Every structure is written in C-alpha cells, then in structure tokens.
Amino acid sequence: MADFSSSKALVRRFYDELDAAPEAEIGRVLARFCAPDLLWRGMHPFYLQSGPEAVAETFWIPFRRALRPIQRRMDVFMAGANHIDGGATEWVTSMGHLMGLFDADWLGIPHSRKMAFLRYVEFHRVEDGRIMETALWCDILAVMQQVGLNPLPLQTGAAFITPGPRTHDGLMFGPQDPAESQKTLDLIHRMIDDLHGSAMGSSQEELARTWHEDMIWFGPAGIGATYTIPRYEEQHQGPFSRHLDVSGVGHLCRFAEGNYGGFFGWPNLTMRPLGGFMGLPASDKRVEMRVVDIYRRAGDRLAENWIFIDIPYFLFQQGVDVLDRMAQIVRR
C-alpha cells in the first residue's frame, strides 16, 4: 500500500504548532517546517511569496491578528504522488475552515466580534522532511458575506458555510488502498477529458457518465453551491460556458488517495468574457482563472466537488477591485 505517513505527519505537526503559535512565533514555526526558499502561491492580494518570513508577514500574521483564537476544522486530509510530473513529487492537501472570533479588520473587511469561518484549501509539496512549496486558496468573499457585505451581483448558486463530505471519511491520516486511489484518479481523468472535449460545456447526458445524479458542487462565494446534475448545469455550468470563451491550460498538481482526489493550476484556464458572467461586461482581453477542485468518489461516479477559485484575481484582471468596492460600501 502507498504510504505517505511521514509527509502527513510533518504537515499535521506544522498545523498544530502554527495554529497554537503566538504572533511573535509564527515566522519561526514556518521556518522550522518550511524550506528557506519556500515557494508560496496565494490568492489576490497575496500572490507569490518566497521564504517563510515573507509568508508570515504577508498572510499569517495579519490574518491571525484579525481572527483569534484559531480552530482548524479540517474536512479532507490526503496525500499522494503528483500525476502531472509522473509521480516525481509528493503532496499533502488539507481542506476545511479556519475559525476564530473576528475581532479586528482583515483586508479592510470590518470585524464583527462574532465567529467567522475562512474556507481554505492548501497543497504542500514535501521533500526531505521539509515543506518546499505551498499553494493556499481561501474564500475571502465568503468572509465578506458573513459580515453582511456583498460587493458583487446576486450569485447563481446558494451561499452558506460549506460542509465537508457527506460520508465524514475525508480525514485520511493513515494509508489508503492504492487500487481505490487509482480508481478515483482514473475517474477524475475521464471527467476532465469530457469537459475538454465539450469546451467546458458538457451536456447532462455527458455529465451523467462521471457524476451521480444527486451530485453536489460546492462553489466559491460569488458563484455559490448547487445540487443535482440539472441544477448544476442550470446554475453554474450553463452560465459559465455561455458567457465565457474558455481555453484549458492545465494543472501543476493532480493526485488521488482513497475515494478523494483533486488538483490545482496556476492558472487552470484562460478565457475571454463574452458578457454576463458575474455581472461583468464583454471584453477582448483574455484573463486567467486559478482553480482548485477536490472530489469525493462514490462507487463509479463523482458525488461531491469542492471548488476554490481566485475570484478576486479573476475580477481584478477585468478592472474590478473587489476589496476597493467593498471598502466603498463600508464608507457609505
């Protein structure tokens, strides 16, 4: 059986120490577990950072000043060899929420003095007992929604605190059956091939080849979640394919473990807005979309899908600074 236990144990120790560290220790915790030249990919407005100190100063210290104390509420934890580079690198992925009391403003979002949940997913490349590379997506727009701010048009899907797997079996701290992992990865490959073959607009019949009828698509704030193949096509895939001229780019990491799998790209897709998606006008400019997908397989179909999109960056490329727009709402 494939065994990624040492990499998993490293990331779990890292999370335990990071989440418990006082502000003055955050940088030192990062330095103990991460390479000096750590490559860190983050959403707008964080972008690429190099080294533990830059990551601490750019993301973790400001976030931890705003939400405290932190509880990391993981829903999925898995590891695997990266299909994209032929298994040359090993990655550990965590998905869930970071919860705390929102007691100070963050990114200009006014604090509520109430609980807040930051939805996140994180990919770590581990080598020789160190985290060499990290990609972190978090749902900034969802935090705005939690304090009653919505700087975007009404979304097509539902908005709520996103739950974890229906089966409650996503925390894979121990080894998993490699045959089951391969089944999951093969199914993800087939689903991706169907999407690319249909220019990101699979029919309901095509979707049914790889998805359960009662599939759940947990999209990011600004788009929202949807349930069942027909409503997914109506509330997300239809508007997406009709209003965006999409081209695939690829992934930097893709793997599966047990019944779960996922990927990220930087970017995954490029597209030319045709007008109407998320209330945006048409444009001649091609823009990037950076995406994470996490999947749960049930039998021979995909049952649940958690999606993270750097929507602030997607909008910023089109001249919409969602953080500035939110600040204008707050000042009114």
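Since the model is a prediction, treat every value here as computed from it, not as a measurement. Index from 1, following the sequence.
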Would you check if the side chain of [X] reaches a backbone N or O of [Y] as a donor-acceptor pair within less than 3.5 Å?
X      : Y      : answer
Trp306 : Pro163 : yes
Thr93  : Met78  : no
Asp193 : Arg190 : no
Gln49  : Phe46  : yes
Ser181 : Asp177 : yes
Gln318 : Phe314 : yes
Ser7   : Phe4   : no
Asp310 : His44  : yes
His83  : Arg254 : no

Smallest separation among heavy atoms of [X] and [Y], with atom names:
X      : Y      : result
Ala56  : Leu30  : CB-CD1, 3.6 Å
Gln176 : Gly258 : CB-N, 3.9 Å
Gly262 : Phe123 : C-CZ, 4.5 Å
Leu252 : Asn82  : O-ND2, 2.9 Å
Asp75  : Pro165 : O-CD, 3.6 Å
Pro312 : Met43  : CD-CE, 3.7 Å

Under 3.5 Å, sequence neighbours excluded: what are the donor-acceptor pairs made by side chains of residues 281-289?
{"from": "Ser283", "atom 1": "OG", "to": "Lys285", "atom 2": "N", "distance (Å)": "3.0"}
{"from": "Lys285", "atom 1": "NZ", "to": "Gln317", "atom 2": "O", "distance (Å)": "2.9"}
{"from": "Arg286", "atom 1": "NH2", "to": "Asp245", "atom 2": "O", "distance (Å)": "3.0"}
{"from": "Arg286", "atom 1": "NH2", "to": "Ser247", "atom 2": "OG", "distance (Å)": "3.2"}
{"from": "Arg286", "atom 1": "NH2", "to": "Thr270", "atom 2": "O", "distance (Å)": "3.3"}
{"from": "Glu288", "atom 1": "OE1", "to": "Tyr313", "atom 2": "OH", "distance (Å)": "3.1"}

Within a strict 4.5 Å, meaning less than it, do heavy atoms of the [X] and [Y] side chains meet?
X      : Y      : answer
Phe160 : Phe218 : yes
Ile223 : Phe240 : no
Asn305 : Ile294 : no
Val76  : Leu171 : no
Glu127 : Thr89  : no
Leu38  : Ile131 : yes
Val126 : Trp91  : no
Ile140 : Val322 : no

Please identify each residue that fulfils ring pair (Phe, Tyr, Trp, His ring centres under 6.0 Å) with [X], with sequence neighbours left out.
X      : result
Phe263 : His251, Tyr295
Phe173 : Phe77
Phe117 : His97
His212 : none

What's the separation between atom [atom1] in [X] and atom [atom2] in [Y], rounded to the nearest 0.5 Å?
X      : Y      : atom1 : atom2 : result
Ser241 : Phe277 : OG    : CZ    : 10.0 Å
Ile26  : Trp60  : CD1   : CH2   : 8.5 Å
Leu207 : Gln204 : CG    : CD    : 7.5 Å
Thr228 : Gln235 : OG1   : CD    : 8.0 Å
Ile216 : Thr162 : CD1   : OG1   : 11.0 Å
Glu304 : Thr167 : CD    : OG1   : 6.5 Å

TODO: Applying salt bridge (charged side-chain N to carboxylate O under 4.0 Å, His left out), name anything that partners Arg13, two or more places apart in sequence or on another chain.
DONE: none
TODO: Run through the side-chain heavy atoms of Ile, Leu, Val, Met, Phe, Trp and Tyr, join any pair under 4.5 Å, and report what else lands in Val249's cluster.
DONE: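 Val249 clusters with nothing; isolated.
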- [ ] Give every residue pair that meets the salt bridge (Lys or Arg N to Asp or Glu O under 4.0 Å) criterion with at least one member in residues 155-164, sequence neighbours excluded.
- [x]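 Residue pairs passing salt bridge (Lys or Arg N to Asp or Glu O under 4.0 Å), neighbours aside: none found.
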Open item on the list: For Arg130, I'd like to know if atom CZ has over 12 heavy atoms of other residues, nucleotides or ligands within 6.0 Å.
Closed with: yes
Open item on the list: Check this for me: Phe59, atom CZ, are more than 12 non-hydrogen atoms of other residues, nucleotides or ligands nearer than 6.0 Å?
Closed with: yes
Output side-chain donor-acceptor pairs under 3.5 Å for residues 100-114, partner residues at least two apart or in another chain, one line each.
{"from": "Asp105", "atom 1": "OD1", "to": "His111", "atom 2": "N", "distance (Å)": "2.8"}
{"from": "Asp105", "atom 1": "OD1", "to": "His111", "atom 2": "ND1", "distance (Å)": "2.6"}
{"from": "Ser112", "atom 1": "OG", "to": "Lys114", "atom 2": "N", "distance (Å)": "3.1"}

Between [X] and [Y], is any side-chain donor less than 3.5 angstrom from a side-chain acceptor?
X      : Y      : answer
Arg231 : His236 : no
Tyr15  : Glu122 : yes
Asn259 : Arg297 : yes

Honestly curious: do [X] and [Y] fall in one hydrophobic cluster under the side-chain, below-4.5 Å linking rule?
X      : Y      : value
Ile84  : Ile192 : no
Leu274 : Ile309 : no
Leu152 : Leu323 : yes
Leu185 : Met172 : no

Open item on the list: Distance to the ring centre below 6.0 angstrom and angle to the axis at most 45 degrees; does that hold for Arg301 and Trp211?
Closed with: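 Output no; distance or angle outside limits.
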TODO: Flag the pair Tyr47 / Trp40 as yes when their ring centroid distance falls below 6.0 Å, and as no otherwise.
DONE: no
TODO: Would you list the pairs meeting side-chain hydrogen bond (donor to acceptor under 3.5 Å, both in side chains) in which at least one residue belongs to residues 18-32, sequence neighbours left out?
DONE: Glu17-Arg32, Asp19-Arg72, Glu23-Arg65, Glu25-Arg28
Open item on the list: I need the full list of side-chain hydrogen bond (donor to acceptor under 3.5 Å, both in side chains) pairs touching residues 136-148, with sequence neighbours left out, sorted by first then second residue.
Closed with: Gln145-Gln155
TODO: Taking only Lys NZ, Arg NE, NH1 and NH2, and the carboxylate oxygens of Asp or Glu, determine whether Glu257 and Lys8 approach each other closer than 4.0 Å.
DONE: yes
- [ ] With sequence neighbours left out, write down each residue that passes side-chain contact (heavy atoms from CB on, under 4.5 Å) with Leu39, or none if nothing qualifies.
- [x]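 Result, side-chain contact (heavy atoms from CB on, under 4.5 Å) vs Leu39: Arg41, Leu48, Glu133.
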TODO: Evaluate the ring planes of Tyr232 and Trp217, with Trp represented by its six-membered ring, and classify them as parallel (under 30°), tilted (30 to 60°) or perpendicular (over 60°).
DONE: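 Aromatic pair Tyr232/Trp217 classed tilted.
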